Amino acid sequence: MRDDKWGLVSADRGTLVLEPAFDQLVPWSQNQILVRKDGKVGVYTADGEVVVEASYDRIARIDAGFKVERDGKQGIVDADGTLRIDPAYDLVEPRKDGFHVELDGRTGKLAADGRVLLSPKFDQVRESFRLYVDGTKGPVEFFVVGEAGRWGLYNEATGFVVPPEYSAITAGENVFVNVRGPEGWGVYRTTGELWVPPRYDRATLRDGGYHDVQKGGQHGIVADGQEVLAPRYLRTAGWSADHRVAAVQSEEGWGLVRPDGSWALGPGQQPLLLTGSGLYVLRTPKEDDGIRPPREAIVSGPRPLADVFTEGDPSLLYERLDREVDGLGVVSWKGKVGLMADDRVVVPPDWDDIARAWHGRALVKRGDGVGLVDTETGRVALSPDWERIGRGFDGWVPVRGERGWGVLHEATGEFLFEPTHRDIESKKAAGRSWWFVEGREGQALYTADGVRVTEPYGYVRVLGNGLVPVRTHDRHHGLLRLPAEGEVVEVLLEADLDDLDQGPGWLATRGEEVAFLDDDGTSIVAFGEYDQIEPMSLEETYLLVRGDGRTGVLDRRGEPVIPVEWAELRLASWTRGKNDHHAWISVDDQGRQGVLWPNGLELLPPRCDAVTVDPGDFGHFGLCERRGKTFVLQRDGKLKRAP
């Protein structure tokens, strides 16, 4: 110190790092210092380099860098000191998808890089939808905004595509958005065109591009913005704009009906399905054992409508059961089943059952055995000699026989693992394929070519990011990371832990010590640094920590958000609209209470006997009890004597 000014000397070299020109220097992290000069604050490194110039009234650390305030306006500075958002807003709050901003009582939205997505000019901003617009290559972000208690859909480039006239707005399909007006629900296109008038109980987009609309339990059709069938039917099952007919069910039965209500086919008892191009399939009830209700079966592949009008009902080809296997229809003939794609049989009906298909293979059953069939050629890829077959990769298939599970290649018949194991599954993690193998010694992981990469444990779990939580036979826990090609498993935490909880991040316990790792296994807090750790998922992941009788908050990088110097910190939560909000009640050594935001920015210093956070209208945030008197805590942090 010189002339009441502070400087900084390197502890290693003994050299002057910062000239004594500062009113205050406060260590802020392992390599950063909070500086105060001429009533302004900034951030320097321990080597004396400027991170943030001392030109702000307030500064707080956030995950994106720093939240700064000047002349009552807030902005964002990146961790490297780059100004991302000018301090021009009354409020800037980090969100997962960017920043919520307020200015002069109006709200808006900024992207994570600071770009203006939505200028602060609305009463409220609710959720956003990524929908398509005709002629655009990718999705466009639209915002649900409120004006005078009504909601609209807005985009900064195109303006309102849905005027703020509705009580509710929800995302629709692709280029559609659903709205609710005084008379019911309707649909807009993202080009701003009213597609379905808001007067229905429900409007659902169907295959073929039409909307099934409901009113009073009855169904109708809106296509191309026009009501082609009023809601007076029990069900709709397709619309062909070319032929101007719809498949419907009425009190009289199923059939094809024209917009004027006249029947083009039917009505009859056979259910119909109609495609947009005018192809239809006719369903008939199938006789069953008399115990279960008759199930439906589709008979005859699709036929052009012209054939219907000239020939009547088509001739029976195959029975097509009312189910699919990965988009392929299951067809039956004389008690055997196969698969049909469109109007072509790809797997002949030679099998007792077909369960599922993947990677061009169908799982088929004959007698007590199962096998695999190629869904393109119908060729038998694996004879039905196995009790069960699992999902594999690159031609390798898990199979179970009389002695257990194994893995063989469907083309060569070569075994990678003999069928003697308790369980074998294929796993996908860290961009590679693995085998999970359970034998008599325990559970272990193997590479795709059969090389073991972990010891046998009592329990092994594989996560998509490559982390492997394990538990030994004596119930100790550990955490591994799968190796890259040619490397060995990385031990993140030895398998000597008493407990390992995945929350956000990983909380490890060994005796009376705790440690914390991020979701990807990166160590944030080592064993012995703190006595207690409590992960808390707010707008981002925070850690409530306690050490040497003091409490503080760290961010997901392990950097202090709130210094570990408080006697106590308590989380206060509340909900406004659809959003959850949080603040910390801070308690000092004398038991006085104040309020801190989740990012550490102080709203109220600890000078109250008790604080109640209860945000209300007219700028009220909570109550402060002090010396027997009650004060109203306002949103700007000031106290006002309660009436």
Side-chain angles (χ1 to χ4, degrees), residues 26-34 43 59-67 76 78-79 93-96 112 463 465 467 469 477-479 481 492-494 497-574 579-589 593-603 606 613:
V26 180
W28 213 20
S29 69
Q30 293 181 347
N31 193 44
Q32 289 185 341
I33 298 171
L34 182 69
V43 179
I59 188 168
R61 189 188 303 278
I62 60 174
D63 191 52
F66 305 95
K67 183 174 179 177
I76 300 295
D78 286 341
E93 288 186 352
R95 299 288 169 84
K96 291 182 179 180
L463 305 181
N465 61 358
L467 295 189
H477 301 261
L479 187 63
R481 192 195 307 276
L492 301 176
L493 293 172
E494 293 285 354
L497 304 174
D498 298 323
D499 202 0
L500 182 64
D501 290 331
Q502 184 182 13
W506 299 89
L507 183 63
T509 305
R510 182 191 293 145
E512 296 183 356
E513 292 188 323
V514 293
F516 185 81
L517 293 80
D518 208 346
D519 292 323
D520 62 358
T522 304
S523 179
I524 291 179
V525 178
F527 284 103
E529 289 190 41
Y530 296 100
D531 302 327
Q532 292 178 326
I533 302 174
E534 183 180 355
M536 311 193 76
S537 181
L538 305 180
E539 296 174 0
E540 55 184 295
T541 299
Y542 290 91
L543 303 179
L544 181 65
V545 297
R546 189 170 184 84
D548 298 328
R550 298 291 178 180
T551 303
V553 176
L554 311 181
D555 63 17
R556 65 183 304 122
R557 298 169 299 182
E559 298 291 344
V561 176
I562 300 176
V564 188
E565 61 183 22
W566 294 96
E568 185 181 356
L569 288 172
R570 299 197 303 267
L571 185 65
S573 303
W574 66 94
N579 297 320
D580 294 329
H581 301 273
H582 311 274
W584 297 99
I585 305 297
S586 60
V587 183
D588 65 10
D589 290 336
Q593 300 182 11
V595 180
L596 302 170
W597 289 113
N599 57 18
L601 193 65
E602 189 173 61
L603 177 67
V613 175

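Because the structure is a prediction, the values reported are computed rather than measured.
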Do other residues, nucleotides or ligands put more than 12 heavy atoms under 6.0 Å from the CD atom of Glu494?
no
State, yes or no, whether a side-chain contact exists between Trp566 and Leu596 at a heavy-atom distance under 4.5 Å.
yes
What pair of heavy atoms forms the shortest contact from Pro598 to Ala583, and how long is it?
CD-CA, 4.3 Å
Would you check if Arg61 and Gln32 make a side-chain contact, meaning some heavy-atom pair closer than 4.5 Å?
yes
If we ignore hydrogens and angles and just use 3.5 Å, is the side chain of Asn599 paired with the main-chain N or O of Leu601 as donor and acceptor?
yes
How far apart are the closest heavy atoms of Val43 and Phe66, and which atoms are they?
CG2-CE2, 4.0 Å
Shortest non-hydrogen contact from Leu497 to Gly478?
CD1-CA, 4.4 Å
Rounded to the nearest 0.5 angstrom, the OG1-NE2 distance for Thr509 and His477 is 9.5 Å
Check whether Glu529 reaches the backbone of Ala526 with its side chain - one donor and one acceptor, N or O, closer than 3.5 Å.
yes
Distance col, row Leu544:CG vs Met536:CE, nearest 0.5 angstrom, shows 6.0 Å
When you look at Ile76 and Lys67, which way does the side chain to side chain contact (heavy atoms under 4.5 Å, CB included) test go after all the steps?
CA-CA 5 Å; Ile76 300 295; Lys67 183 174 179 177; 4.2 Å; yes
Does any part of the side chain of Leu543, heavy atoms only, come nearer than 4.5 Å to the side chain of Glu534, both counted from C-beta?
no
Just grab all the side chain to side chain donor-acceptor pair (under 3.5 Å) pairs involving residues 499-508, residues at least two apart or on different chains.
Arg461-Gln502
Side chain proximity check, Trp597 to Ile62, heavy atoms < 4.5 angstrom
no
To check you understand the geometry: which heavy-atom pair defines the closest contact between Val514 and Asp531, and what is its length?
CG2-O, 3.9 Å
Using a 4.5 Å cut-off on heavy atoms from C-beta on, say whether the side chain of Val564 contacts that of Tyr530.
yes
Minimum-distance pair of heavy atoms, taken over all atoms of Thr551 and Ala567:
OG1-O, 3.9 Å
Using a 3.5 Å distance criterion without hydrogens, assess whether the side chain of Arg550 forms a donor-acceptor pair with backbone atoms of Glu568.
no
Would you call Leu463 and Pro469 a side-chain contact if the rule is heavy atoms closer than 4.5 Å?
yes
Atom OG of Ser573 and atom NE2 of His581: how far apart are they, to the nearest 0.5 Å?
10.5 Å
Do you know the tightest heavy-atom contact between Leu467 and Gly521?
CD1-N, 3.7 Å
In Å and rounded to the nearest 0.5 Å, what is the CG to CD1 distance from Leu517 to Ile524?
7.5 Å
So, taking the atom named CG in Asp498 and the one named CD in Glu513, what distance separates them when rounded to the nearest 0.5 Å?
11.0 Å
Got Trp584 and Val595 here, is their nearest side-chain heavy-atom distance under 4.5 Å?
no
Which residues pass the side-chain contact (heavy atoms from CB on, under 4.5 Å) test with Val561, not counting sequence neighbours?
Tyr542, Val553, Asp555
Report the distance from atom CG of Leu493 to atom OG of Ser523, rounding to the nearest 0.5 Å.
7.5 Å
Asp518 (side chain) donor-acceptor with Gly505 (main chain) under 3.5 angstrom
no
